[in-house]
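Notes follow the structure.
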Amino acid sequence: MTPRGTRTGEDAEDLDVEEVLALVNNSNGTPQPDPAARGEKDSTPTPRQPDTRHRATPWPQARDIAERAARSAGRAAAHREPVSVPLDAALGLTLATPIDALTDLPSFDTSAMDGWAVAGPAPWDVREEGVLAGHTAQAPLTDGEAVRIATGARIPADTTAVLRSEHGRTDDKGRLHATRGVAPGQDIRPRGQECRTGDQLLPVGTLVTPAVLGLAAAAGYDTVTAVPRARVEVLVLGDELLTEGLPHDGLIRDALGPMLPPWLRALGAEVTVVRRVRDDAYALRKAVTSSDADVIVTTGGTAAGPVDHVHPTLRRIGAELLVDGVKVRPGHPMLLARISETQHLVGLPGNPLAAVSGLLTLAEPLLRTLAARPAPEPYTLPLRDAVHGHPHDTRLVPVVLRGDQAVPLHYNGPAMLRGVAAADALAVVPPGGARPGQEAELLDLPWASAGIGVCFT
């Protein structure tokens, strides 16, 4: 998605905020009347007024603000209370109550191998009927007796050990002999080996992965109590966007409509709808005010161009701007607004890589915190190559991981997705750039870290 207007949005990233505002404000600085107040549809935004006090938020601080906003919203929203969820719908959620063992695991002594359950010393007389998994227990063994047994089958009482199939042989009289020593308890999984009834298996805050689902099922659970997903509505703004075919006649393909929903799901959200909104302030206002989502994500329109309606709309509905621009490239004109005590709007820039930057800067900490997921442990790797930096702002640069180094990728301009599509992570490059071998913090991408919702849903 390419920005509209002249030297606004990502094409104006090298300008200060005040310079951008000056390009689009009236010469007399007089605010325009609100057509919506007269019941009219307005397609011209109210110009943003110069504010010499306004400064973009530093990148780390912007992420902290998003986390705090989510914690406040989570406490205020009644519908964010924990819910009971069937196992087949719980993948990617966060446990709101611990999973405690409802029974001993295993709940009876079982065979760890295919072979024979044997009692006493060899040789052994072998019973005719074997023991299979899922069948009732057989009569106790007596010394010198054996019975064929399958993996997972219940061990008969008074069994000394399980002799693996490959470690036994029968003589011409049908008696069983061991080809190597047999230790008492060998290849038997005793009752309670994994856990005893009441043991805590997983604590509150655990992310439900496929393995967690398996453990919960093995422990006898049909449901788990989890934090519900935040409901997210995506508003794709722009008259110039095509949903199919090749770009033509000044129209371009929408890259964000297909990209954002799965990415947001990977962050723990439930994407309820993706709406396409024309470049019209009334249409945007109606879409925002009619949404009941926990988080509204918009694309484009966050700068101060002639059809950038996000800021005027937020002012008209009385929203509180928590973050208005971030000192990060690409993605500088992103924003975070509190519409109500329980509803927020994340305004992403229209250029694709700039929108990715906004996702990782504002949407990720907001949605992760709403989902009660723990913050990932920060980690760094040395950069193989030098990375040019912005004089004052953080840069997020796509990289691939090669051994113990991060290799910066080309095609990392605000409107480009070619670099990030091949990337494992984004490197956080401090103002001024980074030299070869310098350690850089890395932000994993969902598909590179087997993100929930990307690989499993």
Side-chain angles (χ1 to χ4, degrees), residues 1-15 20 23-24 43-45 232-266 271 273-284 286-288 296-311 313 328-335 346-361 363 395-398 400 408-423 426 445-447 454:
M1 193 183 303
T2 304
R4 302 175 291 282
T6 304
R7 288 179 64 80
T8 61
E10 292 297 330
D11 288 341
E13 281 204 329
D14 290 331
L15 294 177
V20 175
L23 290 172
V24 295
S43 57
T44 304
V232 176
E233 184 169 332
V234 178
L235 304 180
V236 180
L237 313 182
D239 291 340
E240 78 280 24
L241 302 177
L242 296 169
T243 58
E244 60 183 10
L246 292 173
H248 62 86
D249 301 324
L251 302 177
I252 61 172
R253 280 296 297 270
D254 168 31
L256 298 182
M259 180 175 73
L260 291 183
W263 203 315
L264 292 165
R265 292 187 192 106
V271 179
V273 68
V274 177
R275 301 186 193 279
R276 300 185 181 278
V277 181
R278 65 187 186 278
D279 285 326
D280 177 85
Y282 177 81
L284 176 60
K286 182 178 179 181
V288 171
I296 301 169
V297 175
T298 63
T299 68
T302 55
V307 289
D308 289 335
H309 299 296
V310 175
H311 279 94
T313 297
V328 65
R329 309 295 167 129
H332 180 268
M334 66 182 72
L335 62 85
V346 175
L348 303 178
N351 275 324
L353 189 58
V356 169
S357 176
L359 274 177
L360 296 178
T361 301
R395 273 195 75 196
L396 302 183
V397 177
V400 290
L409 295 172
H410 300 294
Y411 307 105
N412 54 28
M416 299 180 181
L417 286 176
R418 186 172 173 181
V420 73
L426 293 186
L445 298 174
W447 52 88
V454 173

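Everything numeric here is computed off the predicted structure, so don't read it as measured data.
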Using side-chain heavy atoms (C-beta onward) and a distance below 4.5 Å, is [X] in contact with [Y]?
{"X": "Val236", "Y": "Leu260", "value": "no"}
{"X": "Leu445", "Y": "Leu360", "value": "yes"}
{"X": "Leu235", "Y": "Val297", "value": "no"}
{"X": "Arg265", "Y": "Val271", "value": "yes"}
{"X": "Leu426", "Y": "Val356", "value": "yes"}

Requested in this report: Test Leu264 against Leu359 for side-chain contact (heavy atoms from CB on, under 4.5 Å), laying out the working first.
Outcome: CA-CA 8 Å; Leu264 292 165; Leu359 274 177; 3.8 Å; yes

Output yes when a side-chain donor or acceptor of [X] lies under 3.5 Å from a complementary backbone atom of [Y], and no otherwise.
{"X": "Arg253", "Y": "Gly245", "answer": "yes"}
{"X": "Asp239", "Y": "Asp279", "answer": "yes"}
{"X": "Thr299", "Y": "Leu237", "answer": "yes"}

**Report entry** For Arg418, salt bridge (Lys or Arg N to Asp or Glu O under 4.0 Å) partners two or more places apart
**Finding:** none

For [X] and [Y], which heavy atoms make the closest approach, and how far apart are they?
{"X": "Val277", "Y": "Ala287", "value": "CG2-CB, 4.2 Å"}
{"X": "Ala266", "Y": "Pro446", "value": "CB-CB, 3.6 Å"}
{"X": "Pro261", "Y": "Val274", "value": "CG-CG2, 3.6 Å"}
{"X": "Pro398", "Y": "Ala423", "value": "CB-CB, 3.8 Å"}

Report task. In sequence, state the C-alpha distance, the side-chain angles, and the governing distance for Val273 and Glu233, and then conclude on side-chain contact (heavy atoms from CB on, under 4.5 Å). Result -> CA-CA 5 Å; Val273 68; Glu233 184 169 332; 3.2 Å; yes

Report task. Determine, step by step, whether Asp280 and His309 satisfy the side-chain contact (heavy atoms from CB on, under 4.5 Å) criterion, reporting the C-alpha distance in whole Å, the side-chain angles of both residues, the deciding distance to 0.1 Å, and the verdict. Result -> CA-CA 7 Å; Asp280 177 85; His309 299 296; 5.6 Å; no

Query raised in the report: What pairs of residues pass the side-chain hydrogen bond (donor to acceptor under 3.5 Å, both in side chains) test when at least one of them lies in residues 242-252, not counting sequence neighbours?
Result: none

